[in-house]
Amino acid sequence: MRLFIKLLLSILIFSCKGRQSNQTNKIMKNNQITPYYALEVDALPNFKILLNGVKIVSHNEKGALTSVYLLNKDILRGGEQILSVEIKSNDILTKEDEKYFKFKVFEYENFDSEQKKMLLDAKPNFDNNNISFYKLPFIVKPPYRLKGWSESANLIDEDKENLLEEVLEFFNKTHNVLNNGNSTAYLDLVAKRNKETAIAFYNNPAIENEKDELAQRVKDA
């Protein structure tokens, strides 16, 4: 059960950590039989993990990191997914050090079941170097499809001055929305993200509640 609580605490990483524990019991009660995909991490610093080019977690502080990250909202559709792991150490990494870096992907049927299937055991392969980078595929079959960043544009060739102006304009707009406590405008800004997050977590009521709580916090700011 402790493992499932860790999974649930990571379901909305963009929200306040203090609010996450309040949502745990709400999600647990739903007992949905739908696939949830999770990355389990137990590793020393320094490392960075990406899924299909999108960062899931990085750890550069002292001490090991042991945590679980739900991947549903970062999986746009079924099929092959690519997990990329980059490890940079201040010391030379040897075969003996491999046991201190564990990255595994699991599929859970639901949160109330202890049944899980390992989809990937991303074991490092150190060769007396302080840097290790590797990519590993795994297959998922979620019942949903998301648009996400699939239609995003490559901005490398864009005019940097115009791009900077656009970024600053959006930043100022967002800052004003939050600073003025305009919850309606805030919900408009994150509407697409909220919609796809709800799909990825099967319209779980806790997701809708979390959205409302975030909007209320903006209003009360």
Side-chain angles (χ1 to χ4, degrees), residues 1-25 27-28 36-75 81-108 111 116 118-138 140 148-149 152 167 171 174-175 178 190 193 197 200-201 206-207 210 213-214 217-218 221:
M1 186 64 69
R2 186 176 300 172
L3 172 61
F4 297 124
I5 293 176
K6 288 182 180 179
L7 282 168
L8 291 161
L9 289 177
S10 66
I11 194 170
L12 289 171
I13 198 168
F14 56 83
S15 66
C16 174
K17 292 182 179 179
R19 295 288 185 179
Q20 288 178 330
S21 59
N22 295 333
Q23 299 301 329
T24 300
N25 292 333
I27 300 176
M28 293 282 284
Y36 286 80
Y37 303 99
L39 168 69
E40 296 187 5
V41 174
D42 184 6
L44 296 174
N46 299 311
F47 65 83
K48 179 170 62 175
I49 301 177
L50 296 87
L51 178 62
N52 301 323
V54 177
K55 188 175 79 170
I56 302 300
V57 58
S58 62
H59 179 56
N60 302 303
E61 300 177 2
K62 291 182 179 180
L65 174 67
T66 300
S67 192
V68 181
Y69 302 88
L70 284 175
L71 302 177
N72 287 50
K73 64 184 178 62
D74 300 297
I75 294 175
Q81 316 294 312
I82 301 295
L83 190 78
S84 302
V85 180
E86 180 179 358
I87 301 171
K88 292 183 178 180
S89 175
N90 295 326
D91 304 312
I92 297 298
L93 298 170
T94 66
K95 293 292 183 182
E96 181 65 22
D97 296 313
E98 292 178 2
K99 63 185 177 183
Y100 300 114
F101 294 86
K102 300 175 183 177
F103 310 103
K104 299 179 180 180
V105 177
F106 290 95
E107 176 182 304
Y108 291 83
F111 285 118
K116 64 179 182 179
M118 187 164 66
L119 303 180
L120 177 65
D121 186 359
K123 296 180 179 179
N125 184 17
F126 298 148
D127 189 20
N128 295 321
N129 203 332
N130 68 328
I131 297 178
S132 178
F133 178 77
Y134 53 101
K135 295 182 178 182
L136 293 172
F138 63 96
V140 298
W149 57 91
S152 58
V167 171
F171 172 83
T174 304
H175 177 270
L178 297 176
V190 298
R193 183 196 67 183
T197 298
F201 293 112
I207 301 297
E210 184 74 19
E213 287 186 11
L214 286 172
R217 286 166 56 200
V218 170

Would Leu51 and Gln81 satisfy side chain to side chain contact (heavy atoms under 4.5 Å, CB included), going step by step from the backbone distance to the final call?
CA-CA 7 Å; Leu51 178 62; Gln81 316 294 312; 4.0 Å; yes
Using the rule given for side chain to side chain contact (heavy atoms under 4.5 Å, CB included), can you reason through Asp127 versus Lys95, listing the C-alpha separation, both sets of side-chain angles and the distance that settles it, and then say yes or no? CA-CA 7 Å; Asp127 189 20; Lys95 293 292 183 182; 5.8 Å; no
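Atoms CG and CG, from Asp74 and Leu50 in turn, are 10.0 Å apart once rounded to the nearest 0.5 Å. If you take CG on Leu44 and NE2 on His59, they are separated by 7.5 Å, rounding to the nearest 0.5 Å. The CD atom of Glu40 sits 10.5 Å away from atom CG of Asp121, with the distance rounded to the nearest 0.5 Å. Once rounded to the nearest 0.5 Å, the distance linking OH of Tyr134 with NZ of Lys123 reads 11.0 Å. Interatomic distance, Phe103 CZ to Ile87 CD1, rounded to the nearest 0.5 Å: 4.5 Å. Atom CD of Glu86 is separated from atom NZ of Lys55 by 11.5 Å, given to the nearest 0.5 angstrom.
Residues Lys104 and Lys116 form no side-chain contact, since every pair of their non-hydrogen atoms from C-beta on lies 4.5 Å or further apart. Here the side chains of Asn90 and Asn130 are not in contact, with every heavy-atom distance at 4.5 Å or above. With contacts defined as side-chain heavy-atom distances shorter than 4.5 Å, the pair Leu65/Phe47 qualifies.
Closest heavy-atom contact between Ile82 and Pro137: CD1-CB, 3.8 Å. Lys102 approaches Lys99 most closely through the heavy-atom pair CE-O, 3.3 Å. The minimum heavy-atom distance linking Ser152 with Trp149 is given by the pair OG-O, 2.7 Å. Shortest non-hydrogen contact noted between Pro45 and Gly63 is CD-O, 3.2 Å.
The closest donor-acceptor contact from the side chain of Asn46 to the backbone of Ser89 lies at 3.5 Å or more, if one exists at all. Side-chain atoms of Asn72 do not come within 3.5 Å of backbone N or O of Phe201 as any donor-acceptor pair.
Residue Lys135 places its NZ atom among 12 or fewer non-hydrogen atoms of other residues, nucleotides or ligands, all under 6.0 Å distant. The environment of OH in Tyr100 is sparse: at most 12 heavy-atom neighbours from other residues, nucleotides or ligands sit within 6.0 Å.
Under the 3.5 Å distance criterion, with hydrogens and angles disregarded, a donor-acceptor pair is assigned to the side chains of Asp42 and Thr66.
Taking the six-membered ring wherever Trp is involved, the centroid distance between the rings of Phe138 and Tyr37 does not fall below 6.0 Å.
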